[in-house]
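These values consider heavy atoms only, across backbone and side chains, with no hydrogens, waters or symmetry-generated copies. As the structure is a prediction and not an experimental result, all values here were calculated from the model. So you know, we letter chains A, B, ... as the sequences are listed, proteins then strands, and number each from 1.
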Number of protein chains: 2
Amino acid sequence: MLPSSLPWALPLDPASATPVYVQVAQGLTQRIESGHLRAGSALPAERELAAGLGVSRVTVRQALALLSQQGLLTRRHGSGTFVTPPPRPGELPSRSLGLLSSFSEDVRARGQIPGARVLSFERVRPSPQEAMSLALSPGERVYRLRRVRTADGEPLAVEDSALPAALVGELRPADVQDASLYALLWARALSPARAIRHLRAVNADLTLAPLLGVPVGAALLTTDRVSWLADGRPIEYARAHYRGDRSDFVMELQGGA
Amino acid sequence: MLPSSLPWALPLDPASATPVYVQVAQGLTQRIESGHLRAGSALPAERELAAGLGVSRVTVRQALALLSQQGLLTRRHGSGTFVTPPPRPGELPSRSLGLLSSFSEDVRARGQIPGARVLSFERVRPSPQEAMSLALSPGERVYRLRRVRTADGEPLAVEDSALPAALVGELRPADVQDASLYALLWARALSPARAIRHLRAVNADLTLAPLLGVPVGAALLTTDRVSWLADGRPIEYARAHYRGDRSDFVMELQGGA
DNA sequence: GAGTGGTCTAGACCACGTT
DNA sequence: ACGTGGTCTAGACCACTCA
């Protein structure tokens with residue numbers, strides 16, 4: 001309970017056009033990037049920072065929220081705020097240089113153990129999106145599967161898959177507990193021969209964030225994939241949301257311009 | 001200045017384990033998704049919402065920030081908070097189904113007009129990242145170019161390019177004002193024949209957000225690309241940050257599992 | 001139990017857009 | 001001029017972690 005002035009100060013100008021919390025965030029960013037605050041080390045407590053900088057705790061929290069959202073800081077309830085360790089190198093599913101591979105294969109290729117936790121499994125009418133992507137006839141049903149995909153037990157993605165019920169035949173819950181859906185398809189001679197994948201970036205919403213263990217708003221890499229059999233029939237439509245901080249998709253480009 | 005109770009109420013439980021601002025956000029989400037709040041329409045003012053729901057304005061703002069970050073709401077200073085219109089369909093650079101194409105070509109392929117605003121252009125020592133990606137000899141210099149890439153005048157991406165100075169020859173600022181760097185390379189018989197592109201998702205930081213016209217924290221699709229000439233010499237290393245809400249990369253996958 | 005971050009309040013003033 | 005969102009304050013209580 002000392003005067004608790006910080007070992008360092010940040011130059012804050014309340015009159016400036018840039019908000020104080022942005023100034024605090026910038027100051028902290030600089031101290032992190034310059035190495036004055038080392039990776040993994042704890043920041044002063046919020047109340048301490050506020051007192052030391054002469055601003056309210058709310059303002060400090062606004063700054064910390066900004067940096068936490070950018071992945072620069074990690075906040076742990078009851079424990080403290082820490083400088084996020086630098087990203088581990090190349091960490092993602094999809095070694096895919098144009099090669100069709102399953103999530104399980106991709107994770108294994110990185111030397112990690114793939115896993116899956118089934119959130120739901122049902123046989124339902126397709127959504128319009130599913131019906132279109134899978135070119136379903138009216139009345140056809142799909143198996144819809146939502147899983148959290150893990151690497152070494154850590155959540156890496158949430159994946160929603162839809163398969164035409166008429167094409168894949170009877171599927172029971174026990175069939176999809178297995179980590180690899182592709183292995184099951186292979187066993188039924190339904191291996192996809194071709195796929196098209198769309199990639200986008202979105203912010204984690206209230207549903208996905210807890211499933212992936214990231215804060216709401218964290219950047220996610222979202223993919224939509226349609227897979228076809230060799231004869232051209234669609235066999236799977238899947239939408240997956242990957243943790244942005246643990247994913248890195250690779251594509252190889254040839255010729256052209 | 002009426003009692004200003006809202007035309008609708010949300011069921012809020014202050015004693016619940018889920019925070020009130022999350023409850024407010026969920027309630028608003030439901031009203032938007034169910035169509036009670038139409039796309040483009042304005043929400044009640046923050047003070048009005050707070051009064052109507054019996055919570056403080058700070059709590060309302062926390063809920064609105066959550067939804068704004070997810071792209072569900074758009075806030076306009078001095079004007080109001082609005083339901084974000086639904087995403088326009090297929091909007092991205094890179095029709096690239098494994099084909100090497102420039103930003104300009106990709107944008108034109110979508111029927112839009114590509115543009116570029118040069119933020120900086122310099123001849124410098126390479127960063128370690130650039131030196132490694134371009135396989136530079138010690139002492140070699142690179143041209144480094146930072147541009148905001150636009151489609152129909154709207155910012156779509158921020159792109160940092162690095163080219164080996166020894167390989168491309170003299171470059172003057174006027175040379176790179178042109179929208180397409182690839183066109184310039186083509187003119188010098190330095191067209192890339194092959195490239196590898198990595199894709200990740202990150203949150204917009206304080207530097208990128210204003211350049212792209214998005215809020216801090218918005219999801220961006222970031223790509224690292226190295227391009228090689230037919231003879232195997234690296235010709236360009238580029239890192240680009242695309243607006244997540246306006247980008248959609250496509251990759252085609254063959255054979256394999 | 002002491003210390004941390006998480007939530008919430010009631011109020012103030014500023015900056016921006018529109019009229 | 002007015003209404004809007006943006007920033008900021010000083011304080012309170014809760015919930016989690018760790019010794």
How does protein contact run along nucleotides 6-13 of chain D, one letter per nucleotide 5' to 3', with B for base contact, S for sugar-phosphate only, - for none, heavy atoms under 4.0 Å? BBSBB-BB
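With A:Asp224 as reference, A:Arg200 is the one residue of A:Arg200, A:Gln129, A:His198 to meet the side-chain hydrogen bond (donor to acceptor under 3.5 Å, both in side chains) rule.
You'll find the side chain of A:Leu28 reaches within 4.5 Å of the side chain of A:Leu43, heavy atoms only.
Look at A:Arg61 and A:Glu46 and you find a salt bridge, because one of the NZ, NE, NH1 or NH2 atoms lies within 4.0 Å of a carboxylate O, short of that distance.
We find that CD of A:Glu48 is positioned 11 Å from C1' of C:dG3, with the value rounded to whole Å. As a whole-Å value, the separation of A:Leu43 CG from C:dG5 P is 9 Å.
A perpendicular orientation is assigned to the rings of B:Phe249 and B:Tyr242, their planes being inclined by more than 60° (bins at 30° and 60°).
A close approach under 4.0 Å does occur between a side-chain nitrogen or oxygen of A:Thr81 and OP1 or OP2 of C:dG5.
The cationic atom of A:Arg76 (NZ for Lys, CZ for Arg) lies less than 6.0 Å from the six-membered ring centre of A:Phe82 and within 45° of the ring axis.
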